[in-house]
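Chain letters run A, B, ... following the sequence lines, proteins first and then strands; every chain starts at 1.
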Amino acid sequence: MPVHTVKDVNDLDTKVPPHLQHVSISNLKLTSDCLHRSVKGKVVQKGPVVSCRQREYLLKAVIQGEDPQQRSASQHASINVIFFGTLAKDFSQSVSQGDIILLAGFTISKSPSEQTDKLHPCHLEMSGPDACVHPKYTYIPLSELKPRSIVNVYGVVTFFKQPFPTKGTDYCSTLKITDQSNAKVGCTIFSEKLEDHPKIFRVGDIIRLHRVKAQMFNGSMTLLTTLGWSTITFDGMIDSPVEPRTSSRTFHFDEADKHTVEALRQWAASQSLLTSESTVPLSSVQPKMYFDLTCQLLSKACMDSRCILLKVWDGTECGHSLLNVAAAPDALEGESTCFQDQQNMTANILVYDNHLEVARMLQPGMFLRLYNLHAVPQTPPGQPPDVPQHLVFHLHGGTSYGRGLRSIPSDSPDLQSLKRVLESHAEKQAAEAEVNDGTLLDVWYTPPETVGPISNMKYPFTSLCVYPVQTCDHSLQQVSLAHVKTSIPPVVCHVQARVKSYQPQKLYQCLKLFCPQCKTVKDVPDDESIAQVFEEALRSSNQPCSEHWAVTSSADSHQLDRTVTMHMSCDMVLDNTHLQMIFLQGVTLDEMCIISGSHKNLVPVCSGEDRRMRLLDLSAPFLFCGDKRYYGCEHCSQSSFVDPVVSGVDVWDEQNVAKALGVQLMQYMLLLQFELEDETGTLDALLWEDAERFFNVSSAETSANQELQDRVQNIMDRIHPSGSSMAERPWLALCLSVYTVEENGRTQVCYQITNTETRGNL
DNA sequence: GGTTAGGCTTGG
């Protein structure tokens, strides 16, 4: 862009390329070589952007040479300048009448209006890629303000109010500033956009104002915003980076600005304008005092239409007992404050009236500063009046004494020590959680039961406490989900997230069968389809099997109109292990279930045309063992029945039975997909390889055990209560493995929850 | 070309 909004470069006079030679306006001639020349002057007239014949935009302005001697010596100190195209638009937007500018890359032509306007006989044309305009600002000491002048100033903030709505159309910021001239000047800033107001965090901040109007009010000089005003603000601490706070994308800031800020910082320090007691830690708060608090928001709740509760901490323990204000569970948003409550570190702040607008926009985790907070002693409700009073904090309505609140960016220099303190607490908390497995403090999860009436006693540990924790031994820094998505696999990340949704919703569907050979995953068939396989076998095989390796006994049931046959291996009979594996033919699923209740390994079979023994279709279990059923992989098992090899096996379990029958045993597993969410987005993560650890169950046992199924359901209900809002769900500390899988020649990145257990009592 | 506000506590 040819109108330069300079960022962190040298001052204009030194920054302009050295080959450019300064020419005074009165010395400009038609014959001048303009290629390497620049002119400087004040914008004394600025016209509107108009479109001309070629449908190009143009803007006319008059600039006047700066030097008063030159002005008096020559009538040609003012010159017309015509800006073309985008330059015209840019100039219109970013330069105001009265600004000092430096022009380069112009061409000189004869002025057609010399006779009428009596200005310079030439005019300058600004077009093409070489043309550029640099604005130059001069700053007036606050003691030298003249009424009705429009000026640019720098100052140190000695008093401020956060923007508040006026009776008119705008928000108003009221400040008082001072500078080395020691004048104290009030400023009134009007803008209907909150983001345009100066970002002042504390007394001692440094503010720069452009195009503000000086005027007298009540005998004092004040500054008022005018059309085209702008502002940027800086931290006031010596040695902190000179970084402008602004929401404007185009602002001028150069080396000279940096020096001005640094000089003001030094001066302010020498005047003790930045007092360290400007904000007070909770540990130093005394009853009835008004103070500024810097803290982190843990949770918030809407109390009524005129009051919002903020629960905050600053990592220090208050010397006076802190009141715990109860909120309706469904009104509470954010993290549990159990840990902080137990250490008398949670400040409960009631925010009233005009401050609700700002408070509503706050998110748990944000860093805040509250100005003119009132420490109010109060007898806890329901307690006799002789119990010591507790402190609760009120941010009363109104803006007296700068009363208000705002969020502070987490990279602010004066937030860094607070952040270190909070982080060290978080580490301690995590370490305690690791050690005291059974008596965990509930860090991220607030059971609804604990948000009851205000009580002085510490929250009892309820049996509802459960939350997942990372159990991997490496200590990784926690990252956002957005960060996980940009990391390159394979890698392991730690995140903190909530469960937005999960699949399958019917939890019995999360139990799967997995073939370790071919990696096939399939659903556990339901009883109806298994019963059908049994029915099919009954219909197709009415003759008992005849196997040379087996002893067989049949029972005809006229009532059932079929023959039930039992086979067992001759070798087993000899080994005296014959009751450990029995082949059953001619039974229904129901009968199988009844019989397996009292027998160890029952293998349902049928007979073919040749009366050879066959296993049922492998979509049904090939083995029943008590309540448990075992399945074989349809792809990886021997396709025809093999004579069971029984020698050398003392104890028959599902592994040995499968091996003896040439069946590839399928494993039970739990498979869930979670949609995780944090402030930065959502991410789908699977839970399977470490699912048994997560739920603290065995998948195979879970397949046959209602109690274990209830446990899984219970845990899911804790981390994703049905009908809950996102805000009510607990934050989970999870370990995520990022890995790739190849599918159809395509590489896909996958996320899996690993090394994470749910802890606590159920 | 521009109303608003132009510091100064308190109820819940």
Is Asp170(A) touching bases, backbone alone, or none of the nucleic acid, heavy atoms closer than 4.0 Å? base

Euclidean distance, atom NE2 of residue His374(A) to atom C1' of dC8(B) [Å, nearest integer]: 15 Å

Counting the atoms with a prime plus P, OP1 and OP2 as sugar-phosphate, which does Phe164(A) contact under 4.0 Å by heavy atoms, base, sugar-phosphate, or nothing? sugar-phosphate

Can you pull out the residues from residues 281-291 of chain A that lie within a 4.0 Å heavy-atom distance of DNA chain B? Tyr290(A)

Scan Gln215(A) against the nucleic acid and name what it touches under 4.0 Å (heavy atoms): base, sugar-phosphate only, or nothing. base

Restricting to side-chain contact (heavy atoms from CB on, under 4.5 Å), what partner residues turn up for Val203(A), sequence neighbours left out? Phe160(A)

Applying side-chain contact (heavy atoms from CB on, under 4.5 Å), name anything that partners Pro388(A), two or more places apart in sequence or on another chain. none

Qualifying salt bridge (Lys or Arg N to Asp or Glu O under 4.0 Å) pairs, either residue in residues 207-227 of chain A, two or more places apart: Asp99(A)-Arg211(A), Arg208(A)-Asp257(A)

Heavy atoms under 4.0 Å, any strand shown: does Asp353(A) hit a base, just sugar-phosphate, or nothing? base

Under the 6.0 Å and 45° cation-pi test, does Lys161(A) pair with Phe164(A)? yes

I'd like to check the ring-ring contact (aromatic ring centres under 6.0 Å, His included) partners of Phe367(A); sequence neighbours left out, ordered by chain and number. none

Under 3.5 Å, which donor-acceptor pairs link side chains of residues 292-310 of chain A to any protein atom two or more places apart or in another chain?
unit_1    : atom_1 : unit_2    : atom_2 : d
Asp292(A) : OD1    : Asn372(A) : N      : 2.8
Thr294(A) : OG1    : Thr279(A) : OG1    : 3.3
Thr294(A) : OG1    : Arg369(A) : NE     : 2.8
Thr294(A) : OG1    : Arg369(A) : NH2    : 3.4
Gln296(A) : OE1    : Trp313(A) : NE1    : 3.1
Gln296(A) : NE2    : Gly365(A) : O      : 3.1
Lys300(A) : NZ     : Ala359(A) : O      : 3.2
Lys300(A) : NZ     : Arg360(A) : O      : 2.7
Lys300(A) : NZ     : Leu362(A) : O      : 2.9
Asp304(A) : OD1    : Arg306(A) : N      : 2.7
Asp304(A) : OD1    : Cys307(A) : N      : 3.2
Arg306(A) : NE     : Asp353(A) : OD1    : 2.9
Arg306(A) : NH2    : Asp353(A) : OD1    : 3.1
Arg306(A) : NH2    : Asp353(A) : OD2    : 3.2

Donor-acceptor pairs are to be reported for all side-chain atoms of residues 182-189 of chain A against protein atoms at under 3.5 Å, with residues two or more places apart or in another chain.
unit_1    : atom_1 : unit_2    : atom_2 : d
Lys184(A) : NZ     : Asn182(A) : O      : 3.4

I'd like to check, for Tyr352(A), whether its ring lies over the base of dG11(B) with centroids under 5.5 Å apart and a plane angle smaller than 30°. no

Ser111(A): partners by side chain to side chain donor-acceptor pair (under 3.5 Å), with sequence neighbours left out: Ser113(A)

May I ask you to evaluate whether Lys161(A) reaches the phosphate of dA5(B), defined as a side-chain N or O under 4.0 Å from OP1 or OP2? no

Identify, residue by residue, the members of residues 394-407 of chain A with a heavy atom below 4.0 Å from DNA chain B, and return them in order of residue number, or none. His394(A), His396(A), Gly397(A), Ser400(A), Tyr401(A), Arg403(A)

So what does Cys172(A) hit on the nucleic acid, given a heavy-atom distance under 4.0 Å: a base, only sugar-phosphate, or nothing? sugar-phosphate

